[in-house]
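What follows is one structure encoded as structure tokens, with my remarks underneath.
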Amino acid sequence: MRIRLIGSTVLALTLLAISPAIHAQNSTKTGPGSTTAMPDLSGTWEGHRPVPITGETALCGIRVVCNGLLGVTGASMGPGPEQPEMQPWAEEKYKAARVGRGPEDFGRQDLDPTFSSCMPQGPTDLMLDGARIFELRQFPDMVLLMFDQDHLVRRIYMDGRGHPDGFANTWMGHSTGKYEGDTLVVDTVGVNDKTRIDRAGHPHSDALHFVERIRRVNPKALEYEVMFDDPKAYKKPWTRKASLDLLPPGFQLLEGVVCEELLQMGTHYSAKSNK
């Protein structure tokens, strides 16, 4: 009996000793059979804001309004530093979206399907929109991006699969990813042509293919870069960049008011424009 007890104790101690090593080994896997290290990108993020988050500024609401009230110029919400060469139809659509708008402004809301038709923002529009907050969660076979608006979720498959043949175009498209050192590289196709690339009003076609690179530049900041390749809309590939700030510990991503609720209350842009 005593020998059995000693044997059981030794076995338990042995399992406790090796379990951290097993856990450490599993934490580096990004997919079945993978040994690639997984950089820590998890957290709740928002577009970079020059106004520090304090108890006073956290309640300001829309950041661009808050910055204006505090006399601080935020990141550009309009055209980026690189204006791509567009195909004629795309240039015409983009110019229409900019009529009456300043260089730092959103595109015209009456021509933006997000406002005028209650449609969701496109995947890169969400990432480049400094007013959006999203939660990034990493798993060995998938990365999830969960946004604070209209229950929008992006699923990035990390298990080595490719893009499926005959994939039906959707709002978020089909995304696959891999890690290159400290960077998450995401490849996306299959986005429908009903959304915009960004808040400035750049259009895209159903041939849009984009590659995103996300890396943590310090404990509280992410660097986001996206390269667009859409030969139907643009004459050559082009890029946009953004910086993202980590929200304080304990920040809870709450469910926002969805578009349909705003319509019922008569406060959505499209409801007002139809009056």
Side-chain angles (χ1 to χ4, degrees), residues 22-47 119-129 132-198 204-217 222-233 237-242 244 246 253 255:
I22 294 175
H23 175 74
Q25 183 180 4
N26 289 340
S27 66
T28 64
K29 292 187 176 182
T30 62
S34 174
T35 57
T36 304
M38 181 190 296
D40 182 13
L41 307 174
S42 290
T44 303
W45 305 90
E46 69 168 352
M119 294 182 181
Q121 290 178 247
T124 59
D125 190 4
L126 287 164
M127 297 298 291
L128 293 168
D129 184 352
R132 289 273 71 82
I133 298 174
F134 68 92
E135 185 176 355
L136 189 156
R137 285 289 172 254
Q138 296 168 273
F139 303 94
D141 59 344
M142 183 180 294
V143 170
L144 294 178
L145 300 176
M146 298 168 284
F147 296 89
D148 63 337
Q149 191 73 20
D150 291 335
H151 310 287
L152 296 175
V153 177
R154 290 185 61 191
R155 295 171 177 83
I156 303 167
Y157 297 101
M158 305 293 295
D159 55 5
R161 73 179 68 184
H163 298 302
D165 294 332
F167 179 77
N169 287 0
T170 62
W171 296 106
M172 296 293 108
H174 187 272
S175 299
T176 61
K178 62 181 179 179
Y179 294 106
E180 293 183 356
D182 63 352
T183 303
L184 170 63
V185 180
V186 184
D187 189 286
T188 301
V189 298
V191 180
N192 68 42
D193 60 1
K194 299 176 183 179
T195 62
R196 290 177 168 183
I197 276 178
D198 54 23
H204 68 85
S205 76
D206 58 1
L208 176 64
H209 168 217
F210 60 90
V211 177
E212 300 159 289
R213 302 181 67 87
I214 305 171
R215 72 184 187 96
R216 199 166 195 148
V217 293
L222 288 184
E223 178 183 80
Y224 175 79
E225 179 177 320
V226 54
M227 186 278 293
F228 304 100
D229 185 11
D230 185 353
K232 288 185 180 180
W238 58 289
T239 62
R240 286 287 303 273
K241 294 182 179 181
L244 302 163
L246 181 67
L253 186 65
E255 179 180 297

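Bear in mind the structure is a predicted one, so any value in this text is a computation, not a measurement.
Classification of the His174-His163 ring pair by plane angle, with boundaries at 30° and 60°, yields perpendicular.
Screening Val153, Leu253, Leu145, Asp148 against Glu135 for a side-chain contact (heavy atoms from CB on, under 4.5 Å) leaves a single residue, Leu253. Of the options Lys178, Lys241, Arg154, a salt bridge (charged side-chain N to carboxylate O under 4.0 Å, His left out) to Glu212 is made by Arg154 and by none of the others.
Counting only heavy atoms from C-beta outward, the side chains of Ile197 and Trp238 approach each other to under 4.5 Å. A heavy-atom distance below 4.5 Å is not found between the side chains of Phe228 and His204. In this structure the side chain of Phe210 never reaches within 4.5 angstrom of the side chain of Asp230, judged on heavy atoms. A heavy-atom distance below 4.5 Å is not found between the side chains of Val189 and Phe167. Looking at Thr44 and Glu46, their side chains never come closer than 4.5 Å, going by heavy atoms from C-beta outward. The shortest side-chain heavy-atom distance between Leu246 and Arg216 falls under the 4.5 Å cut-off.
Identified under the salt bridge (charged side-chain N to carboxylate O under 4.0 Å, His left out) test for residues 181-196, with sequence neighbours left out: Asp112-Arg196, Asp182-Arg215.
Taking OG1 of Thr124 as the reference point, atom CG of Asp129 lies at 10.5 Å (rounded to 0.5 Å). Atom OG1 of residue Thr239 and atom CZ of residue Arg213 lie 12.0 Å apart, to the nearest 0.5 angstrom. How far CG of Leu136 is from CG of Leu244: 9.5 Å, rounded to the nearest 0.5 Å. With values rounded to the nearest 0.5 angstrom, Ile133 atom CD1 is found 11.5 Å from Phe147 atom CZ.
Asn192 pairs by the side-chain hydrogen bond (donor to acceptor under 3.5 Å, both in side chains) definition with nothing, not counting sequence neighbours.
Nearest heavy atom pair, residue Pro39 against residue Thr183, reads CG-N, 4.3 Å. Contact between Val186 and Ser175 at its shortest, heavy atoms only, is CG1-CB, 3.9 Å. Contact detail for Thr195 and Gln121: the closest heavy-atom pair is CG2-C, 4.2 Å. In this structure, Ala242 and Leu128 approach most closely via the heavy-atom pair CB-CD2, 4.1 Å. Here the closest non-hydrogen pair linking Gly43 and Arg137 is N-NH1, 3.0 Å.
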Item to complete: Run the numbers on Asp125 and Arg132 for salt bridge (Lys or Arg N to Asp or Glu O under 4.0 Å), then give the verdict.
Response: CA-CA 10 Å; Asp125 190 4; Arg132 289 273 71 82; over 6 Å; no
Practice prompt. Take Tyr157 and Asp141, measure what side-chain contact (heavy atoms from CB on, under 4.5 Å) needs, and give me the verdict at the end.
Written response: CA-CA 6 Å; Tyr157 297 101; Asp141 59 344; over 6 Å; no
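A donor-acceptor distance shorter than 3.5 angstrom exists from the side chain of Gln138 to the backbone of Leu41, with no hydrogens or angles considered. Remark: the backbone N or O of Ala207 is paired with a side-chain donor or acceptor of Ser205 at under 3.5 angstrom.
For Arg155, the CZ atom sits in a loose shell: 12 or fewer heavy atoms of surrounding residues, nucleotides or ligands are nearer than 6.0 Å.
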